[in-house]
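Whatever order the structure lists ligands and atoms in, that order sets their numbers, starting from 1. Excluded from the calculations below are hydrogen atoms, water molecules and symmetry mates; all remaining heavy atoms, backbone and side chain alike, are included.
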Amino acid sequence: MCGISGIVGSADVTKRLYSCMLNLEYRGYDSCGMAVLADGQIDVRKNIGRVAEVFEKERFAELSGTIGIAHSRWATHGNPTKANSHPHTSCDGRIAVVHNGIIGNYQPLKDELIAAGHKFTSETDTEVLAHLLEHNYKACGNFERSVREAMERMEGTYAFAALSADHPDTFFCGRNRSPLIIGIGKDANFIGSDIVAFIEYTKKVAYLNDNEYAIVSKDGFEIKNASTGKPQARAIDTVAWDAEQAKKGGYPHFLLKEIYEQPNALREALEIDEKKIEAVADIMNEADRTYLIGCGTTFYAALLAQYYFKEFAGVYAPAVSSDEFPNLCGVDERTAVLAISQSGETFDTLEALRYAKRHGAKTIAIVNALGSSMTREVDFVIMQGAGPEKSVLSTKAMTSQITVLTRIALELSKRRGALPKTELNEISDGLLELGTIVRSVLDEQPGFIRRIANRVGHFNKWLYIGRSYHLPAALEAALKLKEVTYIPAEGMAGGFMKHGPISLVDEEMAVVVLMPPPENEALHRSTFNSVSEMRSRGGKMIGIHFDPWESVFDEQIVLPKVHKALAPIPQLVVGQLLAYFMAILLKRDPDNPRGLAKSVTVE
Ligand code: M6R
């Protein structure tokens with residue numbers, strides 16, 4: 001939820017830390033701060049606001065030193081205030097910490113530390129760590145031991161970095177179920193909650209595992225187990241992403257850039273090694289049941305895949321939102337659980353996977369972020385290769401996930417003999433053409449969609465309607481609109497409308513209909529019935545469809561021909577663009593909607 005970074009090197013670190021903070025701002029952006037150690041003193045600057053604002057307001061540029069830590073926050077414990085911003089310091093100001101996640105037992109620890117005379121200045125759980133380190137350090141005089149002892153006492157999901165004024169050449173960091181990665185540079189070493197923090201400085205990384213801490217200096221790093229204190233060997237990986245990929249590349253917003261990156265992301269998904277796809281199909285084929293899990297957008301990707309597994313492979317693989325998975329689904333050794341996650345760090349999905357593992361299930365994940373926790377916790381992982389996704393709104397990651405899931409469904413179909421070869425080939429060919437179709441939507445439709453957004457931008461109630469495969473796409477398109485514009489928008493099954501929600505429809509409601517292609521006759525007819533029902537109640541009807549002769553809509557976006565089962569994918573792209581242009585019209589921030597964070601690493 002929050003972004004941690006740290007640097008120790010031979011040159012002044014402030015400018016680099018600032019850039020790390022900007023790169024991690026997507027993880028949280030209600031406040032931020034930096035602590036730099038020089039001449040035996042730690043200088044902390046922090047405040048509420050976006051990184052660039054706080055940088056100016058608090059004159060970060062005045063900070064100078066060769067070691068520092070930084071943080072951008074998404075509030076969990078304590079409101080976004082200056083006092084609650086990180087870094088937090090010990091009573092004597094000689095220890096500073098930044099933290100991501102939640103220290104579950106912070107209240108009893110805080111009570112204990114207050115009783116021992118510590119003075120707290122914030123409402124955060126994080127401040128407990130600063131005082132706990134001070135407390136331990138005063139007792140044993142050894143900072144490393146203090147870190148270990150603190151980790152032994154803290155419960156919950158966390159990653160942290162700590163500076164001690166008595167240790168001008170090293171910082172300490174640790175993790176338990178929250179991401180933390182070490183970057184190994186030429187003249188400096190780094191840490192970050194995500195590789196993108198420091199990717200412009202180094203592509204060499206080492207991953208910290210749960211219950212480990214690291215001591216990082218400019219010349220190297222040492223990783224140790226927090227329970228035993230024993231050194232842990234760690235390989236250094238080189239990541240394939242480059243800094244440019246992680247930047248805006250000339251687009252005004254990451255959201256638009258990432259929407260436009262979809263043809264490439266789809267190509268990458270199609271190029272994932274066949275053997276990996278086959279391995280997942282094998283696992284699913286052998287299991288008694290496979291659950292598909294995800295949150296938000298990835299839940300909708302799972303929901304669409306549920307239709308594909310049923311339709312292509314004759315397999316019922318229920319999609320379940322990760323947060324409800326342990327409450328709803330029994331699992332055992334005969335169960336497979338396939339998780340979908342862009343970040344690989346979503347708390348609910350990680351917890352659902354851990355629950356599945358504890359009960360003996362086989363776990364699989366489709367993940368985009370390199371080196372994320374999920375990639376290391378599941379039995380089998382498929383990396384999407386969609387490249388960094390920085391906008392809070394997930395776009396290219398989702399269409400890429402759907403491509404991967406479709407490939408798995410087709411592979412499973414072969415094992416089950418569920419579809420004739422000709423039909424399988426038609427869908428595979430359709431998948432191969434998808435990148436070109438999405439490219440043509442991106443080339444031809446944006447001006448048109450923008451003009452529609454301008455005409456309908458005053459509507460304050462939105463419905464997105466779809467049936468069958470188009471339902472998950474309708475749910476996702478509604479999510480895109482609501483998360484970036486803050487306009488109430490619901491996705492709904494066409495067939496469900498008449499059971500209550502249709503009473504909402506009047507002249508003040510915009511109704512976006514995701515029509516199936518006409519060749520999907522029965523579905524086309526039933527969706528058309530929904531259109532008539534809503535049109536007769538005065539709704540402003542907006543059609544995303546495939547029939548150039550259609551004339552029933554007030555506004556329409558006509559898409560190129562695509563395989564009927566894959567039709568929701570270009571419709572998703574239209575939904576993304578509509579949400580983007582609505583956000584621009586309403587002067588919302590497309591990359592950082594209020595109150596959201598890119599990866600939701602808390603409960
Ligand atoms: O990183 P993940 O894919 O696991 O994230 C899951 C959701 O939090 C995420 O898709 C969220 O719904 C997005 N903001 C949607 O645009």
Side-chain angles (χ1 to χ4, degrees), residues 1 3 26-29 74 177-179 193-194 196 253-256 258-259 262 265 292-305 319-325 337-353 363-375 377-378 381-384 386-402 404-405 464 472-473 475-486 489 491 572-573 575-580 582-583 588-603:
M1 223 55 159
Y26 75 87
R27 298 178 64 88
Y29 39 81
W74 189 81
R177 298 181 167 193
S178 278
S193 300
D194 185 328
V196 297
H253 301 101
F254 282 113
L255 176 56
L256 193 61
E258 288 156 9
I259 290 173
Q262 288 178 109
L292 311 174
I293 63 169
C295 290
T297 291
T298 53
F299 169 62
Y300 296 143
L303 206 55
L304 180 50
V320 185
S321 187
S322 309
D323 52 317
E324 283 301 321
F325 182 70
V337 177
L338 195 169
I340 308 155
S341 177
Q342 189 290 129
S343 63
E345 299 292 351
T346 299
F347 176 88
D348 290 326
T349 304
L350 278 166
E351 283 300 301
L353 285 167
T363 54
I364 312 158
I366 300 173
V367 178
N368 192 39
L370 304 169
S372 54
S373 303
M374 224 171 275
T375 62
E377 290 195 23
V378 291
V381 67
I382 291 188
M383 297 307 300
Q384 300 177 226
E389 191 182 69
K390 296 192 76 173
S391 168
V392 165
L393 279 77
S394 189
T395 52
K396 64 172 178 172
M398 187 208 196
T399 45
S400 141
Q401 286 150 358
I402 293 167
V404 178
L405 287 159
Y464 285 75
L475 292 164
E476 167 62 7
L479 174 63
K480 290 283 92 80
L481 187 79
K482 64 187 147 191
E483 73 177 326
V484 78
T485 63
Y486 325 142
L572 281 168
V573 176
Q576 297 162 355
L577 286 166
L578 185 58
Y580 175 75
M582 288 284 290
R588 309 290 193 233
D589 181 341
D591 288 335
N592 302 292
R594 69 181 181 199
L596 295 181
K598 178 66 178 163
S599 46
V600 185
T601 56
V602 290
E603 193 163 17

Engineer: What protein heavy atom sits nearest atom 11 (C) of ligand 1, and how far off is it?
Structural biologist: Thr297 N, 4.2 Å
Engineer: Run the numbers for me: atoms of ligand 1, each under 4.0 Å from some heavy atom of Gly296, listed by number.
Structural biologist: 12 (O)
Engineer: Relative to the heavy atoms of Lys480, which atoms of ligand 1 are at a distance of less than 4.0 Å?
Structural biologist: 15 (C), 16 (O)
Engineer: Starting from atom 8 (O) of ligand 1, what is the nearest protein heavy atom, named by residue and atom, and what distance separates them?
Structural biologist: Val600 CG2, 4.0 Å
Engineer: List the atom pairs, donor and acceptor, that lie under 3.5 Å between side-chain atoms in residues 364-372 and the rest of the protein, sequence neighbours left out.
Structural biologist:
unit_1	atom_1	unit_2	atom_2	d
Asn368	OD1	Ala386	N	2.9
Asn368	ND2	Gln342	OE1	3.0
Asn368	ND2	Gly387	O	2.8
Ser372	OG	Ser343	O	3.4
Ser372	OG	Ala369	O	2.9

Engineer: Could you tell me the residue and atom name of the protein heavy atom closest to atom 1 (O) of ligand 1, and the distance to it rounded to 0.1 Å?
Structural biologist: Ser343 OG, 2.6 Å
Engineer: Rounded at 0.5 Å granularity, tell me how far OG1 in Thr297 sits from CD1 in Ile340.
Structural biologist: 11.0 Å
Engineer: Distance from Phe299 atom CZ to Ile293 atom CD1, nearest 0.5 Å?
Structural biologist: 11.0 Å
Engineer: Return the residue, atom name and 0.1 Å-rounded distance of the protein heavy atom closest to atom 7 (C) of ligand 1.
Structural biologist: Cys295 O, 3.3 Å
Engineer: Can you list everything that forms a salt bridge (charged side-chain N to carboxylate O under 4.0 Å, His left out) with Arg177? Sequence neighbours excluded, please.
Structural biologist: Glu351
Engineer: With atom 14 (N) of ligand 1 as the reference point, say which of Gln401, Glu483, Glu345 has the nearest heavy atom.
Structural biologist: Glu483
Engineer: Give, for atom CG of Leu304 and atom OG1 of Thr399, the distance between the pair rounded to the nearest 0.5 Å.
Structural biologist: 11.0 Å
Engineer: Tell me: protein heavy atom nearest atom 3 (O) of ligand 1, and distance?
Structural biologist: Gln342 N, 2.6 Å
Engineer: Which residue owns the protein heavy atom closest to atom 2 (P) of ligand 1, what's the atom, and how far is it?
Structural biologist: Thr346 OG1, 3.2 Å
Engineer: With rounding to the nearest 0.5 Å, note down the distance linking OG1 in Thr375 to CD in Glu345.
Structural biologist: 8.0 Å
Engineer: For ligand 1, which is the ligand I care about here, please tell me if Val392 has any N or O atom under 3.5 Å from one of the ligand's N or O atoms.
Structural biologist: yes
Engineer: Under 3.5 Å, is there a donor-acceptor pair between the side chain of Lys480 and the main chain of Gln576?
Structural biologist: no
Engineer: Yes or no: does Thr298 have any heavy atom under 4.0 Å from an atom of ligand 1?
Structural biologist: yes
Engineer: So among Gln401, Met374, Gln384, which one has a side chain to side chain contact (heavy atoms under 4.5 Å, CB included) with Ser341?
Structural biologist: Met374
Engineer: Should you measure from each heavy atom of Leu393, which atoms of ligand 1 turn up under 4.0 Å away?
Structural biologist: 16 (O)
Engineer: Give the atom numbers and elements of ligand 1 that come within less than 4.0 Å of a heavy atom of Ser394.
Structural biologist: 15 (C), 16 (O)
Engineer: Measure the shortest side-chain to side-chain distance between Ser394 and Glu389 over non-hydrogen atoms and say whether it is less than 4.5 angstrom.
Structural biologist: yes
